[in-house]
Every structure is written in C-alpha cells, then in structure tokens.
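Ligands are counted one by one from 1 in listed order, and the atoms in each one are counted from 1 as well.
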Amino acid sequence: MKQLIDQIQAHLAEVEAFQSNDPTEIENFRIKFLGKKGILTGLFASFKEVPNDQKKAFGQQLNALKIAATNKLEESKKSSGAKSSNPPSTIDFSRPGQPIDVGSLHPISILRNQVIDIFSQLGFSLSSGPEIEDDWHNFTALNLPEHHPARDMQDTFFVQTNPDMLLRTHTSSVQVRHMEANSPPIRTLSPGRVFRNEDISARSHCVFHQVEGLYIDKNVSFADLKQTLLYFTKSLFGKSKIRLRPSYFPFTEPSAEVDIYWGLETEADYRITKGTGWLEIMGCGMVDPNVLTNCKIDPKIYSGYAFGMGLERMAMLLYGIEDIRMFYENDIRFLQQFSAMG
Ligand code: PHE
C-alpha cells in the first residue's frame with residue numbers, strides 16, 4: 001500500500017512538473033496519464049487490491065492525481081493554442097428563451113366571426129359560393145335584368161374573355177344559389193369577399209367583405225326583420241336604437257337602409273356621423289316576389305327578408321380605423337394591435 005501511495009506521489013510530481021507547448025508532447029502526456037491504458041486506469045484497477053480501511057486514503061490520492069493531470073492537460077492545451085477538448089460552456093441555460101411570435105386573426109376575420117356568432121344564435125347557418133360568378137346569380141335572378149339601370153349601382157369587373165362571367169359585386173349571389181338548392185324554411189348567412197370597380201381611397205376599395213343574410217318561411221314579416229336587426233345591433237355594438245330609412249334595392253320590396261344611433265360623444269370632429277348621431281350600417285328589405293319565383297320558391301306561400309352589410313365599414317367604426325386601405329396592406333404594426341382579440 002505504501003508503495004502505491006509513493007507511486008502516486010511520484011506521478012503527481014511528474015504531472016506538476018510537466019510543461020510544454022508542443023501538441024505532440026501534450027498528446028503523449030494525455031496518453032501516458034489519462035489514456036485508456038494509461039497510469040490512472042492502471043491505478044484505478046489496483047483499487048480493489050487495497051485493504052478496505054485504506055481505500056479512502058488511496059481514493060483521495062488517486063483523485064487528486066486525476067484532477068491534477070486533467071487540469072495540467074487543459075492548461076497545456078490552452079497555452080499551446082489547441083482547441084480545448086472540453087471548452088467551458090458559454091451558453092447560459094438559465095436565460096429565458098426567445099419568444100415565438102404567434103400569428104393572430106385579421107381584424108376583418110375577428111369581426112366576421114362575431115357577426116356569425118350572433119346570427120348563429122338565431123339559427124342562421126352559413127353558406128358560401130364562388131367569387132367569380134355568372135350574370136344570372138349576381139344580377140338577373142336578383143331582379144336585375146340586362147340593361148336594368150340599377151346595374152350601374154355596382155360597378156362591375158367583368159371577365160374579359162367571357163362577358164357572362166364577373167367578379168361578384170355582392171354575396172346576394174350566394175343566396176340565389178342557396179335558394180335554388182334548398183327549400184324553405186331557409187335561414188342562411190353568407191359572408192364573403194366582393195369586388196367593385198371603384199377608385200381606391202381612404203373610404204372605399206375595389207375589394208371588401210360582406211355578410212348577407214336571408215330568411216324565408218311562411219308569414220315572415222318586416223317586423224321580424226326589424227327585430228332581428230335590433231338584436232344584432234345590440235349584440236355587436238351595444239346600441240339599442242336603430243331606424244329604418246326607406247331605400248331602393250332591385251331584389252327587395254320594400255327596401256330600407258339601417259341606421260344605428262351612435263350618439264355624439266365620439267363626434268369631436270364631426271367625422272363619424274357628420275353631427276347627426278346616426279350612422280348607416282346596412283341595407284335590407286323583404287325579398288321581392290320576382291326573386292323568389294326566379295329561385296323556384298312560390299311567393300304565394302313564402303315570404304322572406306334579406307340584409308347585407310360591409311365588414312370594413314363596421315370594423316373602421318368599431319376599432320377607430322381611419323383608412324380602409326390598412327386592411328389590405330398587411331403592415332405587421334397594424335395587425336399586431338388586434339392580437340389580443342383573436
Ligand atoms: N346586396 C346589397 C349590396 O350589396 C345589400 C343588400 C342585401 C340589400 C340584401 C338589401 C338586401 O349593397
């Protein structure tokens with residue numbers, strides 16, 4: 001045992017005395033002391049021959065030698081410029097990670113979902129149709145035959161190679177499709193993108209989003225329409241005063257424009273309601289019997305109402321957005337402001 005301890009002491013002295021910048025010498029040092037068949041491996045192997053009561057002292061000596069050899073090796077490697085086999089970690093594992101940016105819903109989608117939620121509580125289902133539409137579904141079936149002056153109300157993008165095809169100017173086209181494919185009672189909501197050949201400005205765009213609704217059953221009256229709209233404006237805007245102004249749409253008779261009473265509190269610069277307190281939010285009316293006939297529904301048995309609103313207009317109002325173009329620019333600074341809502 002004494003012999004072994006002496007050996008260790010001698011090795012320790014050798015380790016401490018070792019000094020070299022030469023990579024080969026350093027590698028030889030490593031092999032000699034720390035290699036697989038090196039001195040330390042040999043000494044650890046003789047550990048089992050050491051009497052139990054001396055194992056502790058021996059182990060301590062052996063460990064001291066191992067640490068000294070390892071340190072010397074690292075030091076020598078460092079001073080020789082060689083890359084350390086076990087570089088001290090420069091990574092701080094306790095640092096908080098980089099947050100992953102999560103996308104969020106577009107303000108138009110947020111509002112569309114709110115509108116859908118409100119009407120689905122009233123039993124409306126969803127319907128959709130093509131954005132490239134034919135003349136029948138966008139115009140003719142809706143009581144807008146060719147050369148009807150009201151076609152000019154909606155400046156249309158036509159498909160150049162096929163004058164019968166166009167980009168739908170409203171989602172009323174979806175309602176025609178829905179009536180053709182289903183029989184009453186019908187309660188359907190058609191949200192979607194629509195297109196009009198209009199100059200782009202802060203207030204109008206050539207593409208925007210609508211939600212239109214249609215309700216057809218026996219004995220549906222204008223009072224049902226009014227009650228539904230009141231429920232909607234209360235739910236979405238928290239406003240319970242509305243008025244229906246007589247208006248004209250070819251596909252409804254009578255027709256009306258819906259205004260909500262917004263109030264004058266937010267009217268500092270008279271921009272929102274022009275000082276009147278009233279704000280127009282949608283068009284509506286009782287479905288014209290001609291439209292029902294066009295869609296194979298008997299107007300002697302059934303009646304119905306329809307309404308349509310533009311989502312951009314309402315989103316501008318609700319979120320205080322001054323320029324409609326912001327919805328299509330995808331500026332992340334604009335979109336991020338809605339991340340908490342959807
Ligand atoms: N389709 C009309 C528009 O786009 C809106 C509307 C729908 C009006 C239903 C009345 C009834 O302007």
Relative to the heavy atoms of [X], which atoms of ligand 1 are at a distance of less than 4.0 Å?
X      : result
Gln210 : 3 (C), 4 (O)
Ser172 : 1 (N)
Phe249 : 8 (C), 10 (C)
Phe307 : 7 (C), 9 (C), 11 (C)

Quiz item: Is it the side chain, the backbone, both or neither of Cys284 that has a heavy atom closer than 4.0 Å to ligand 1?
Solution: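 The backbone, only.
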Region of Ala306 engaging ligand 1 - heavy atom pairs below 4.0 Å =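 The part of Ala306 near ligand 1 is both the backbone and the side chain.
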Are [X] and [Y] close enough that their ring centres sit under 6.0 Å apart?
X      : Y      : answer
His106 : Phe338 : no
Tyr215 : Tyr305 : yes
Phe307 : Phe232 : no

Tell me whether ligand 1 is touched by [X] - counting only heavy atoms on the residue side and a distance under 4.0 Å.
X      : value
Arg196 : yes
Met282 : no
Phe251 : yes

Among Lys66, Gln9, His11, Lys56, the one residue meeting side-chain hydrogen bond (donor to acceptor under 3.5 Å, both in side chains) with Gln61: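 The side-chain hydrogen bond (donor to acceptor under 3.5 Å, both in side chains) with Gln61 is passed solely by Gln9 among Lys66, Gln9, His11, Lys56.
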task: Please list, chain by chain and in numerical order, all residues satisfying ring-ring contact (aromatic ring centres under 6.0 Å, His included) with Phe158, sequence neighbours excluded.
output: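 By the ring-ring contact (aromatic ring centres under 6.0 Å, His included) rule, Phe158 matches no residue at all.
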Item to check | Under the ring-ring contact (aromatic ring centres under 6.0 Å, His included) test, residues paired with Phe208 that sit two or more places apart | outcome: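 Per chain and number, Phe208 pairs via ring-ring contact (aromatic ring centres under 6.0 Å, His included) with no residue.
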Ignoring hydrogens, what is the shortest heavy-atom contact between Asp135 and Leu166? Give both atom names and the distance.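 The pair with the smallest heavy-atom distance is CA-CD2, 4.2 Å.
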